[in-house]
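Naming: A, B, ... by sequence-line order, numbering from 1 per chain. What you are looking at is a predicted structure, and each value in this text was computed from that prediction instead of being measured.
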Protein chains: 2
Amino acid sequence: MSNSPATIEDVARIAEVSIATVSRAIHLPEKVAVSTRLKVAHAIALTGYTPNANARSLRLGKSNMILVVAPDIGDPNFSSILVGLENEARAHGYGVLIGHTQNDAQRGVEYLKFFSSNQAAGMILFTGILPFGHQTMTARLPPTVGVFEPVFNGGIPYVGVDDLEGARKAVELLIAEGHRRIAFIGDARNRLAYVRRRMGCEAGLDAAGIPEASRIVLDGDGTIESGRLAVDQLFLRDTLPTAFMCVNDQTAIGVMLGLTARGYDIPRDFSVTGFDDVPQAAFMQPGLTTIRQPRGLIGKHAMQLLLQLLSDTEPAQTEILLRPDVVVRNSVGPPRRL
Amino acid sequence: MSNSPATIEDVARIAEVSIATVSRAIHLPEKVAVSTRLKVAHAIALTGYTPNANARSLRLGKSNMILVVAPDIGDPNFSSILVGLENEARAHGYGVLIGHTQNDAQRGVEYLKFFSSNQAAGMILFTGILPFGHQTMTARLPPTVGVFEPVFNGGIPYVGVDDLEGARKAVELLIAEGHRRIAFIGDARNRLAYVRRRMGCEAGLDAAGIPEASRIVLDGDGTIESGRLAVDQLFLRDTLPTAFMCVNDQTAIGVMLGLTARGYDIPRDFSVTGFDDVPQAAFMQPGLTTIRQPRGLIGKHAMQLLLQLLSDTEPAQTEILLRPDVVVRNSVGPPRRL
DNA sequence: CTGTTAGCGCCTTCAT
DNA sequence: ATGAAGGCGCTAACAG
């Protein structure tokens, strides 16, 4: 009909009421007589009216956007969590804005503008380190929820997977298969999630009474390449493990690649486990046995937490740890008899 | 300092000028005396002022957000394009909003609200089919640019890769290795990109004078599973190809998996090519030889095109086809002598 | 139950 | 070169 989008005034005119009534009919319907409510509804349908979000945000001093900040959008863990986040946000009338920092504090700071300019109401953080320079660290942060791991600076609620428990399940699997000489390929980057996975590994080893002497720990940086490298380093030593427990799937994939390149068969010669259950894990040869992060759920819970924060509801819990599941595929078998 | 974010008025007061001057100092600096410009700059620095985007959008009737609509955020092709889009958008003061339709027209329609509510200025479409119900098809669309493939309804500029050329390069590679009996595993879903890849394959076959009789064409749906399935179907026939040219990497991975499961060696027994150069392709065993889409570039160009549209600049071209590159890995070799 | 009205912060004529 | 003032569309008192 009209050229420019309908405003609340158009609706009011057609419904023959005031704009205040239209606004109320939308947001506080119970305070409006049923008959007028109907007239308004009709007028809205007629005009195809959608409230102008900018005017609304301006008036309310509050945006309906959530900023999702991740160091790397391409991270295979990222997208399915994003789906969970987005679904939940949309269900509550929020939109999702994305930003990737590429681990660059400068870029992180720029995203802060979304808040000072009122374009976002809250933030989901995909990293344990605040992606801002130190000068801004002191400034009051917008309502924020961490994902995967607690945010370093503390005080920020987060939802993730129980890394300790998951890692423990992984070692236990290996131990149950008969492995005694297990190498943990870790991630030297200072992230609590990784530290916890290593602790879970140690805990399992302890519980099985496996002596310190037969443990091997190597640190990479969580990339496929570093997994490959770890294999190379290990082959320089005289004592090899029978199993590799890796801090994440990327590392595990690297280990598998390195092992295969040397002509070894998995799981006949070596067993390998990962952590995350990245899509790729299922399509390795053999399939990678790993620990699944319930990504959709993580996203959903994180957004729910943030929404609670935004509505001033005291969040029920400030840390949500989801239960990790073992995904058994074919990269684990009994150790080779020497 | 102050509790609520600084407004233009705070800046004006400190700089001892009117708010109009502040506004001009920001947007039309050349119309402001250098001395006052400096005073304003100083006041801005002092207050940490950031213009309220909502007020600005309201006043201007224009948002500074771009909506990116994709059927599936988890698509391995998606994220690196998103990075390209986001970088370019940010460089021009735009933010990127994401939406995924999951091929559900209903959800697509809901994203249209971002425009009627003035929350987004333009749209990037990751699908060849308008993700809206037919009733809305007639409504005027916001400035839109398609990615990957032309949007079905026509009239929408797009940027993608030259599928025809890429597919042709792939067959030529196969033919150069000596293959004569090549199966094309396509995608039955009605998407121009896929049709073009098939046409490119045919063209290469034609040019090499390979008779119709020795060609095999099978259609799947672009998933790993459908690649596997294609192998099964082919083994029911009495004549097998020596090479599989797949419409995309997912399909190729499925084919490789199916072949390997049957105990065949790639590339000794069969050669396989893909299309896209999905991250996973590099880590297959053997590495998948495929055609690379320059994803970062695609994103960048698409956003540039959209930005031109938004600034009423007549776009230089309405269709940008980027050159695809062959990525040679180890899934292609000479055909086995029978 | 409904209408009137005052801004939210900003940009932009129109004066000066 | 600068200032005054209207209004973008909306919501939330405040009156009736």
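- Heavy atoms of other residues, nucleotides or ligands lying less than 6.0 angstrom from NE2 of B:H42 number 12 at most.
- B:T36 has a side-chain polar atom (N or O) that falls below the 4.0 Å cut-off from OP1 or OP2 of D:dT2.
- When heavy atoms are screened at a 4.0 angstrom cut-off, B:I19 is found touching base atoms of the nucleic acid.
- Of the candidate nucleotides D:dA5, D:dT2, C:dG9, D:dT2 has the atom nearest to the side chain of B:R24.
- Considering only the side chain of B:T21, D:dG3 comes nearest among D:dA12, C:dT12, D:dG3.
- Distances shorter than 4.0 Å separate none of the side-chain N or O atoms of B:S18 from OP1 or OP2 on D:dA4.
- Panel note: side chain B:Y111, backbone B:H100; a donor-acceptor pair is recorded below 3.5 Å.
- A residue-by-residue look at A:S23 and B:R37 shows that B:R37 has its nearest nucleotide of DNA chain D further toward the 5' end.
- B:A33 comes within contact range of the sugar-phosphate backbone alone, with a heavy-atom separation under 4.0 Å but no base atom that close.
- Candidate nucleotides C:dT13, D:dG9, C:dG3 were compared by shortest atom distance to the side chain of A:L58, and D:dG9 ranks first.
- Picking from D:dG3, C:dG3, D:dT2 the nucleotide with the shortest atom distance to the side chain of B:V17 gives D:dG3.
- In this structure, A:S57 reaches neither bases nor backbone, as no heavy-atom distance under 4.0 Å exists between it and the strands shown.
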